[in-house]
Amino acid sequence: MAYRTILVHCDADRTTQSRVATAAELAQRFKAHLAGLHVRARFEAPVFTDAGAAMDLLYRAYEERSKADEAAATAAFNQGIAHKGVSSEWRTADGAIDQELVVQTRYADLVVIGQHDGAAPVTTTPASLPETVAMATGRPVLVVPHIGVTKPPGGTVLLCWNASREAARAAADALPFLTAAQKVIVLVIDPESSPTGHGPEPGADVAGWLARHGVKVTVQRDSAADSDVGNVILSRAADFGVDLIAMGIYGHSRLREMVLGGASRTVLASMTAPVLISH
């Protein structure tokens with residue numbers, strides 16, 4: 001598999017330009033087409049507001065905000081791809097951001113989305129957007145930290161492995177990164193051998209599969225002990241100077257709220273390196 005179409009979500013957030021720059025570097029590296037997408041949120045009138053002058057004021061304020069957000073997103077995309085020399089296009093859509101992004105992601109090989117910044121001003125972008133898209137589309141999502149990146153992702157990769165379907169999906173989705181990486185560390189935490197999971201040497205099976213793809217791979221077996229598995233992942237990523245974490249995610253949607261497993265939730269909340277997630 002190769003990444004031939006990369007889709008990057010562009011909102012009015014201050015981190016969009018650096019997110020686009022990361023996506024553009026990947027498009028350069030993989031010789032892919034880059035599409036920037038901005039979604040204009042629908043106007044939602046407060047239920048307690050009567051029609052008339054008050055409604056007109058609210059709608060004008062919505063229009064002004066919508067135009068300003070689109071202008072900021074467009075400028076960030078143009079600045080992020082400047083001088084990169086990549087094939088690119090700009091797209092806009094109207095509707096619910098998560099729904100529109102899910103539809104367009106189905107026609108891309110990789111989607112790049114920013115990590116939610118809890119300290120940022122209120123935005124129309126849902127905090128759970130990365131995991132919502134990954135869970136709904138079957139496409140890999142590269143989540144870029146809101147603090148930005150210091151180097152292109154993919155030199156040293158940490159692949160989180162628990163022998164599950166989701167982990168296998170993430171490993172396959174990350175193959176373009178893994179085959180080009182200088183070093184890939186398969187992280188196995190508290191493994192237990194079973195006929196349907198890990199073999200007698202946990203991590204050895206997936207390492208052999210990756211090696212046949214030409215991946216430079218080592219296996220790191222670890223124990224969570226009293227720590228959350230997500231914190232162990234983040235600690236090992238820091239220990240090994242990892243610039244990309246690849247992992248499967250678990251969860252379900254409950255009344256439009258994404259409920260994730262503990263490790264996924266911890267990593268996506270506290271990540272300092274890009275994380276590629278698959279479901």
Assess whether salt bridge (Lys or Arg N to Asp or Glu O under 4.0 Å) is satisfied between Asp69 and Arg40, documenting all intermediate values.
CA-CA 8 Å; Asp69 285 354; Arg40 295 178 290 246; over 6 Å; no

Before you tell me yes or no, could you show the steps for Arg91 and Glu89 under salt bridge (Lys or Arg N to Asp or Glu O under 4.0 Å), namely the whole-Å CA-CA distance, both residues' side-chain angles and the distance that decides it to 0.1 Å?
CA-CA 7 Å; Arg91 303 175 186 173; Glu89 66 175 294; 3.2 Å; yes

Find the distance between CD (Gln115) and CD1 (Ile147) and round it off to the nearest 0.5 Å.
7.5 Å

Restricting to non-hydrogen atoms, name the atom on Gly154 and the atom on Leu244 that form the minimum distance, rounded to 0.1 Å.
N-CB, 3.8 Å

Transitive ILVMFWY side-chain link Trp209 to Phe177, under 4.5 Å:
yes

Tell me, do Val186 and Leu210 make a side-chain contact under 4.5 Å, heavy atoms counted?
yes

Mind checking the CZ-CG spacing from Arg221 to Asp190? Nearest 0.5 Å is all I need.
13.0 Å

Could you state the interatomic distance from CZ (Phe43) to CZ (Arg60), rounded to the nearest 0.5 Å?
11.0 Å

Can a side-chain donor-acceptor contact be found between Asp228 and Thr266 if the only test is distance below 3.5 angstrom?
yes

Quick one: pull up CZ in Arg169 and OG in Ser164 and give me the separation to the nearest 0.5 Å.
12.0 Å

Does Val157 reach the side chain of Ile185, with side-chain heavy atoms less than 4.5 Å apart?
no

Hey, mind stepping through Val20 and Cys10 against side chain to side chain contact (heavy atoms under 4.5 Å, CB included) and telling me if it holds?
CA-CA 8 Å; Val20 173; Cys10 301; 3.8 Å; yes

NE2 of His9 to CG of Leu129, rounded to nearest 0.5 Å, is 5.5 Å

Determine whether Asp222 and Arg236 satisfy the following criterion, salt bridge (Lys or Arg N to Asp or Glu O under 4.0 Å), listing intermediate values before the conclusion.
CA-CA 9 Å; Asp222 220 315; Arg236 296 300 168 265; 2.3 Å; yes

Can you list, pair by pair, the side-chain donor-acceptor contacts under 3.5 Å of residues 106-114, counting residues two or more places apart and other chains?
| from | atom 1 | to | atom 2 | distance (Å) |
| --- | --- | --- | --- | --- |
| Asp109 | OD2 | Arg4 | N | 2.7 |
| Asp109 | OD2 | Thr5 | N | 2.8 |

On the 0 to 90° scale, with breaks at 30° and 60°, tag the Phe77-Trp90 ring pair as parallel, tilted or perpendicular.
tilted

Taking C-beta and beyond as the side chain, do Asp13 and Arg19 meet within less than 4.5 Å on heavy atoms?
yes

Taking the side chain as C-beta and beyond, is there a heavy-atom pair between Val149 and Asp243 under 4.5 Å?
no

Not counting sequence neighbours, which residues clear side chain to side chain donor-acceptor pair (under 3.5 Å) with Ser87? List them please.
His33

Tyr3 versus Ala174, closest heavy-atom pair with distance
OH-CA, 3.7 Å

Least distance between heavy atoms, Val8 atom then Ala23 atom:
CB-CB, 3.9 Å

Are the side chains of Leu175 and Asp173 in touch, meaning some heavy atoms are under 4.5 Å apart?
no

Of Val143, Leu101, Ile249, the residue whose pairing with Pro130 passes side chain to side chain contact (heavy atoms under 4.5 Å, CB included)
Val143

Looking at every heavy atom in both Ala24 and Gly80, which two are closest together, and how far apart are they?
CB-O, 3.9 Å

Tyr62 vs Tyr59 aromatic rings, parallel, tilted or perpendicular, using cut-offs 30° and 60°?
tilted

Less than 4.5 Å apart, any side-chain heavy atom of Thr218 and any of Val184?
no

Could you go through Ile233 and Leu187, starting from their C-alpha distance and side-chain angles, then the distance that decides it, and tell me whether this counts as side chain to side chain contact (heavy atoms under 4.5 Å, CB included)?
CA-CA 8 Å; Ile233 293 170; Leu187 179 63; 4.0 Å; yes

Quiz question: by atom type and distance under 3.5 Å, do the side chains of Asp11 and Thr16 form a donor-acceptor pair?
yes

Could you go through His279 and Thr137, starting from their C-alpha distance and side-chain angles, then the distance that decides it, and tell me whether this counts as side chain to side chain contact (heavy atoms under 4.5 Å, CB included)?
CA-CA 9 Å; His279 174 67; Thr137 63; over 6 Å; no

Min side-chain heavy-atom separation Asp117-Arg14 under 4.5 Å
yes

Within a radius of less than 6.0 Å around CD of Glu63, do more than 12 heavy atoms belonging to other residues, nucleotides or ligands occur?
yes

Identify the two heavy atoms, one from Pro200 and one from Pro202, that lie closest to each other, and give their separation to 0.1 Å.
O-CD, 3.5 Å

Approximate separation, where rounding is to 0.5 Å, of Met135 CE and Ile277 CD1:
9.5 Å

Can you tell if the side chain of Cys160 reaches within under 4.5 Å of the side chain of Ile245, non-hydrogen atoms only?
yes

Heavy-atom pair with the smallest gap, counting every atom of Val188 and Gly203:
CG2-CA, 3.9 Å

Are Tyr250 and Asn162 linked by a side-chain donor-acceptor pair shorter than 3.5 Å?
yes

